[in-house]
Amino acid sequence: MATFILILLGAALANNAVLMHLLGVDPSIRSQDHLRDAVIIAAATGCVLLIAAIACWSIERFVLVSFRAEWLRPLAWLLVATALAPLPRAIVQRHFSPTPQQSSRALSPTLLLGNGLLLGVVALNGKVEDGFVAMLARSFGAAIGFAIVLLLFTAARDRLDAADVPAPFRGAPILLITAAIMALAFMGFAGTGRP
């Protein structure tokens, strides 16, 4: 249990997929207008990340290794990521969003997330042969890390819109500077998650 928690904290904080590996940066920088939208997108994305990690781990262990076809691993990852990429939008539209216009506006960057963060987390899990529990901890940690960054960017965007930022730094430049400062702060957790 202690190893699970250490790997989870390491994946969420020290090895944050968004800030350290630059996966899912676009949805984070194009943060949502409301904190509620960010929480919903983070929860839906977390569910999809866990499903994709479990599916890829199962395909690799029970199909690819059994038939000695490990060289098909990237193709399996791509197929799983492509199949699951629209799932966050479907989850949010079905369960949380009152109107289709509101959900499509809130979920516009989620398709990019499916191609970047989802495939990246599955690939990061594929490099380590620690077993199912470690893979689950790493995937759940990546989902938590994405949620933290998404919520931080949403809150920072509200504050930056009200701040007196020089004209050349308004918009994406100040958000990228904020991301760099967040990445430096998260590097303070280096070493966490190593059992």
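Position 1 is the first residue of the sequence, and the numbers go up from there.
Counting heavy atoms from C-beta on, the side chains of Phe62 and Phe67 never come closer than 4.5 Å. Between Leu151 and Leu35, the closest side-chain pair of non-hydrogen atoms falls below 4.5 Å. Looking at Leu13 and Ile148, their side chains come closer than 4.5 Å, going by heavy atoms from C-beta outward. Residues Met187 and Met20 are in side-chain contact: their nearest non-hydrogen atoms beyond the backbone lie under 4.5 Å apart.
Separation of atoms CG (Leu78) and CG (Leu118) is listed at 10.0 Å; rounding is to 0.5 Å. Atom CD1 of Ile51 sits about 6.5 Å away from atom CG of Leu84, to the nearest 0.5 Å. Going from atom CZ of Arg36 over to atom CD1 of Ile41 covers 10.5 Å, rounded to the nearest 0.5 Å. With rounding to the nearest 0.5 Å, the separation of CZ in Phe132 from CG in Asn125 is 10.5 Å. Taken from CG in Leu176 to CD1 in Ile181, the straight-line distance is 11.5 Å, to the nearest 0.5 Å. For the atom pair Leu9 CG and Phe4 CZ, the distance stands at 10.0 Å (nearest 0.5 Å).
Closest non-hydrogen pair, Val121 versus Ala17, comes out as CG2-CB, 4.4 Å. Of all heavy-atom pairs spanning Ala11 and Ala137, the tightest one is CB-O, 4.5 Å. Considering every non-hydrogen atom in both Trp77 and Cys56, the closest pair reads CD1-SG, 3.7 Å. Heavy atoms only, all atoms of each residue included: Leu150 and Thr154 are closest at O-OG1, 2.8 Å. Heavy atoms only, all atoms of each residue included: Ala179 and Leu19 are closest at O-CD2, 3.8 Å. Shown here for Gly120 and Leu23, the closest heavy-atom pair between the two residues is CA-CD1, 3.6 Å.
Under the 4.5 Å side-chain contact rule for hydrophobic residues, Val65 and Leu79 do not share a cluster. Linking Ile, Leu, Val, Met, Phe, Trp and Tyr residues whenever their side-chain heavy atoms come within less than 4.5 Å places Phe186 and Ile177 in a single cluster.
Every side-chain contact (heavy atoms from CB on, under 4.5 Å) that Leu72 has, sequence neighbours left out, goes to Leu64, Ala69, Leu75. Every residue two or more places apart in sequence or in another chain that forms a side-chain contact (heavy atoms from CB on, under 4.5 Å) with Ala147 is listed here: Ala42.
At most 12 non-hydrogen atoms from other residues, nucleotides or ligands lie less than 6.0 angstrom from CZ of Phe140.
Of the possible polar contacts, one joining the Arg170 side chain to the Val165 backbone as a donor-acceptor pair under 3.5 Å is found. With hydrogens and angles disregarded, a donor-acceptor distance shorter than 3.5 Å links the side chain of Arg138 to the backbone of Ala134.
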